[in-house]
2 protein chains.
Amino acid sequence: MVMVNEVEAHLPVVLVLAGHDPTGGAGLVADAEAVAACGGWALTIPTALTVQNCRNVTEVMAVDPDAIRRTSDALGEFEIAAIKVGLIADMASLDAVTDVIRRRPGVPVVVDPVLRAGGGSELSTAELVDAFRDRLLPLVDILTPNRYELAHLCRDALEDDTHRAVELMRQGCQALLVTGTDDPTGRVPADRVEHTLHAPDISRQWSWPRLEGRFHGSGCTLASSLAARLAAGESLVTACEQAQAFTWQALAHGWQPGRDQSLPRRLWRLPAVIESATQTLRN
Amino acid sequence: MVMVNEVEAHLPVVLVLAGHDPTGGAGLVADAEAVAACGGWALTIPTALTVQNCRNVTEVMAVDPDAIRRTSDALGEFEIAAIKVGLIADMASLDAVTDVIRRRPGVPVVVDPVLRAGGGSELSTAELVDAFRDRLLPLVDILTPNRYELAHLCRDALEDDTHRAVELMRQGCQALLVTGTDDPTGRVPADRVEHTLHAPDISRQWSWPRLEGRFHGSGCTLASSLAARLAAGESLVTACEQAQAFTWQALAHGWQPGRDQSLPRRLWRLPAVIESATQTLRN
């Protein structure tokens, strides 16, 4: 018998609750890839299936909420070190997702509030946004909205991002990492993007070179890599910084299959060819 | 603006039609990982959702067959270089899968005939096996059964693997890579496993050191890495050899989350930590 892996690996496990995107640019396949690339192992529970391509989302089919619960219950043998939540398609899925989170108290929860597809399709409703704020937000350790999502999640018409973040923290969310790619503020130079961490005793900004093109899956990549870093035990600030660096690199190495959005390559550092394994192993 | 990836990458695309496994050991997430690890890009269309863990599969929920067709139709911007088929849960899914394949003539088709879960649950029926043989087999370029699956796919009670393979080739399947891990023949030493390629003018055997333990997702890993190698333009024999070497390494680097089956680590060669990206990029 051969045991190459004699020291038993234990990987930090991230439970992903998210939609499935057949392109692999975003959704649970992208989440699993980001988690793996950051040294973790992803369990994935689909909350919805979708029909989409690199232009837009044309259909969202919510998964049976009881199947979401049963799938989670079956995974008891895994020690879960972080939870990442993506697309929630309807009220029943929202309830199932909050049930799954409540059954794992103390596990850090990263939520990417997916409200709109890259191509512009609305993926949420006013009723669902209200329920998201009332029921899910109090369970969130860190929310990763872009500026559009931040504005839409606030009940009051606040103009300033910091005030908006403070309002969402009052609703029970522990921290926010607000990305500024989608809607740069006037102060940021056109060739930079700025992301901001808001937490009760922390306010921290990062500035990155703006990348050319439009990307499909940048939000999923950021939130999942952040969850993986938290699962590995990193501090919030370090995990936020590392997740941004990882996402920037995955986008910079992206590829464009057609004429629309580019897809991130989260495994850009992986040598693509299995050159030598055969020679080593053949008798 | 920054463009790191100045030479536009074009990745060989594999269309995966398979079940979803929440553990990530097998199913479409595992398939996507194997394809990526072998230098390709996976599009994934779920044929079924499942409830399972590292012991067994407890539920299989077939996806709406028309959603399978519409999902495939939406992906027209991708140039597909190979198709990989895994779990097919019922007759309607089988029809949807054959429709998807027929709309892409000339693309190599790798099919892993998933008949039984690692924990022993039957995932197919006699009626479905008959339909698989009659409708799907004539579309298959290479089938990757284990010895149990090979025996169950044959209509006649043949004793010999070569005769069984020849019968399935008569049904229209172009070639078979038969794995011998599950049920070693008497001639193979206990510390080895032997896999055999059967094709009209080729018969080729490989012998590998047997690995300790039981694995969840070895069949998916083999079939998907084979599809990725064919998508990259490799010959059948080389692709079969490289896929076996890749799968052996992924299993050898596997990890065991609980007391049951181990999970393959298909990204074992990926450096886990993003050490330097931040220093390079911060201003």
Side-chain angles (χ1 to χ4, degrees), chain A residues 1-5 8-9 11 20 22-24 29 32-33 36-37 39 41-46 49 51-54 58 61 63 67 70-71 74-75 77-78 191 207-212 241-242 245-246 248-249 252-258 267 269-274 277-278 281 283, chain B residues 1-5 8-9 11 20 22-24 29 32-33 36-37 39 41-46 49 51-54 58 61 63 67 70-71 74-75 77-78 191 207-212 241-242 245-246 248-249 252-258 267 269-274 277-278 281 283:
Chain A
M1 302 284 180
V2 174
M3 280 293 285
V4 165
N5 189 19
E8 180 71 18
L11 302 179
H20 173 267
T23 72
V29 171
E33 200 173 78
W41 184 271
L43 307 175
T44 56
I45 303 183
L49 304 185
V51 177
Q52 63 178 295
N53 51 33
C54 300
T58 53
M61 298 159 277
V63 167
R70 291 195 304 273
T71 306
L75 297 169
E77 74 206 296
F78 290 91
D191 62 348
S207 166
W208 304 87
R210 178 174 283 275
L211 291 160
E212 223 174 86
E241 182 161 305
Q242 291 293 318
F246 172 76
W248 193 94
Q249 289 283 1
H253 289 86
W255 73 296
Q256 191 181 18
L267 302 175
R269 292 175 309 150
L270 191 70
V273 188
I274 322 295
T278 309
L281 290 173
N283 43 344
Chain B
M1 301 287 181
V2 174
M3 279 294 284
V4 166
N5 189 19
E8 182 68 22
L11 302 180
H20 173 267
T23 73
V29 172
E33 201 173 77
W41 184 272
L43 307 176
T44 56
I45 303 183
L49 303 185
V51 177
Q52 63 179 297
N53 51 33
C54 300
T58 53
M61 297 159 278
V63 167
R70 290 195 305 273
T71 306
L75 297 169
E77 74 207 295
F78 290 90
D191 63 346
S207 165
W208 303 88
R210 179 174 282 274
L211 291 161
E212 223 175 87
E241 181 161 307
Q242 291 293 318
F246 172 76
W248 192 94
Q249 290 283 2
H253 289 86
W255 73 296
Q256 191 181 17
L267 301 175
R269 293 175 308 149
L270 190 70
V273 188
I274 321 297
T278 310
L281 290 173
N283 42 345

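Since the structure is predicted, the reported quantities are computational estimates derived from the model, not experimental observations.
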Shortest non-hydrogen contact between [X] and [Y], atoms and distance:
X: A:A36; Y: B:L267; answer: CB-CD1, 3.5 Å
X: B:V29; Y: A:A32; answer: CG1-CB, 3.6 Å
X: A:F78; Y: B:C54; answer: CZ-SG, 3.7 Å

B:A42, B:G258, B:A74: which one forms the most heavy-atom pairs within less than 4.5 Å of chain A?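 Looking at each of B:A42, B:G258, B:A74 in turn, B:A74 comes out on top.
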If you tally heavy-atom pairs under 4.5 Å against chain A, which of B:T44, B:V51, B:L43 wins?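 Ranked by contacts with chain A, first place is B:T44.
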Find the one option among A:E33, A:M61, A:H20 whose heavy-atom pairs under 4.5 Å with chain B are most numerous.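 The residue among A:E33, A:M61, A:H20 with the greatest pair count is A:H20.
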Please round to the nearest 0.5 Å and tell me the distance separating atom OG1 of A:T23 and atom CD of B:E77.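 Output value for this atom pair is 8.0 Å.
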Within a strict 4.5 Å, meaning less than it, do heavy atoms of the B:L49 and A:T71 side chains meet?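 They are not in contact (no side-chain heavy atoms under 4.5 Å apart), so the answer is no.
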